[in-house]
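Inspection log for the structure reproduced underneath, given as structure tokens.
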Amino acid sequence: MSTTPRTVRRAAALLVVPVLLAACAPDEPVDAGATVTVYTGRHYGIESVFAAFTADTGISVRFTTGSDPELRERLLAEGANTPADVVMTADAANIALAAAAGLLAPVESAALRAAIPADLRAADDTWFALSRRLRVVQYATERVATPPSSYAGLGDPVWAGRLCLRPSTHPYTQSLVAALIRNEGRDTARAIVASWVANDPVYINSDTDMLRAVAAGDCDVTLANTYYLGRLRTEDPAFPVAISWPEQDGVGAHVNVSAAGVLAAAPNPGGAVALLEWLATDGQAAFSAANLEYPADPDVAPAEVLIGFGAFTSDTASVRELGALNGAAVDLLAEVGYE
Ligand code: FE
């Protein structure tokens with residue numbers, strides 16, 4: 001494929017960085033070229049994973065956490081002066097929005113292309129998913145015999161007064177609705193989300209709190225990411241909530257991702273690419289397991305608790321389009337009165 005002058009070529013970057021440091025900062029006690037700075041919206045369990053990367057490569061990691069949109073605003077404000085080399089997000093739309101804002105440089109890496117399926121990386125190589133987070137139907141095992149088997153199913157009047165949902169301001173909600181728009185078309189997607197609203201959901205801005213509300217009987221059905229149930233089941237194997245994998249006769253369950261890209265203004269692009277390659281390969285199992293997410297590389301086994309959730313089909317085909325449809329999803333949510 002074609003490349004641009006901003007394309008990060010790993011071999012060249014690794015050769016150039018030490019030379020520049022030797023010329024510019026001979027008295028620095030710490031080799032700044034051996035440090036990668038990460039702005040990350042995906043923060044669960046990240047410290048031990050970065051420590052393992054440092055142990056493997058000798059490259060240390062500095063990181064700053066924040067919400068995906070906050071970190072993007074910060075990067076836009078810092079511009080060419082940013083200390084960050086890598087941005088990592090907890091949502092597919094947000095990494096695509098960073099790319100659309102011109103913040104990311106394409107990365108030319110055979111290792112990343114080999115490890116990460118095409119559906120889970122940008123067509124222009126500006127970002128790469130590093131793990132999959134499935135947002136699916138979860139229900140009270142003690143009160144629900146027949147849970148919804150589709151996203152549209154939450155709009156059945158049988159669930160009136162029995163739903164907990166994450167608010168419209170959250171990227172997880174927006175990306176799920178963006179996928180509905182892609183898969184069902186705008187009008188059908190609007191009718192589906194309107195049917196949820198008609199069931200008078202309780203809005204709770206925490207997946208963990210939604211699952212606890214289901215367990216406690218405050219609601220019976222919710223939409224939540226799988227890793228939150230993984231954590232609660234790890235704490236309590238009898239936690240009375242289960243997954244109903246949606247859309248198994250159709251496009252498959254909604255896939256969101258943790259993803260990362262190298263900043264166009266990265267002071268250490270070579271180290272940044274080394275980190276992404278390690279997270280996609282040697283560190284892939286540790287990175288995904290640290291948050292009980294599914295690996296992006298389908299050849300890497302997920303954590304044990306996830307194997308207990310069973311097999312499923314998933315909608316990887318939508319992942320690249322969630323950023324472009326984010327605005328339409330936000331508009332649709334407002335139109336139907338989803339809080
Ligand atoms: Fe989360």
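Computed over heavy atoms, backbone and side chain alike; hydrogens, waters and symmetry mates excluded. Whatever order the structure lists ligands and atoms in, that order sets their numbers, starting from 1.
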- Item | Side-chain (Gln174) to main-chain (Ser168) donor-acceptor, under 3.5 angstrom | yes

- Item | From CZ (Arg135) to OH (Tyr151), nearest 0.5 Å | 9.0 Å

- Sorted by chain and residue number, which protein N/O/S atoms are under 2.8 Å from the Fe ion (ligand 1)? Tyr44 OH, Tyr172 OH, Tyr227 OH, Tyr228 OH

- Quick one: do the Arg72 and Tyr39 side chains pair a donor with an acceptor below 3.5 Å? no

- Establish, from distance only, whether the side-chain atoms of Trp159 and Asp220 form a donor-acceptor pair under 3.5 Å. no

- Task: Verify salt bridge (Lys or Arg N to Asp or Glu O under 4.0 Å) between Glu78 and Arg74, making sure each step is shown before the conclusion.
- Result: CA-CA 6 Å; Glu78 289 173 346; Arg74 180 166 168 176; 3.2 Å; yes

- Message: Among residues at least two apart in sequence or on other chains, which ones pass side-chain hydrogen bond (donor to acceptor under 3.5 Å, both in side chains) with Asp119?
- Response: Thr316

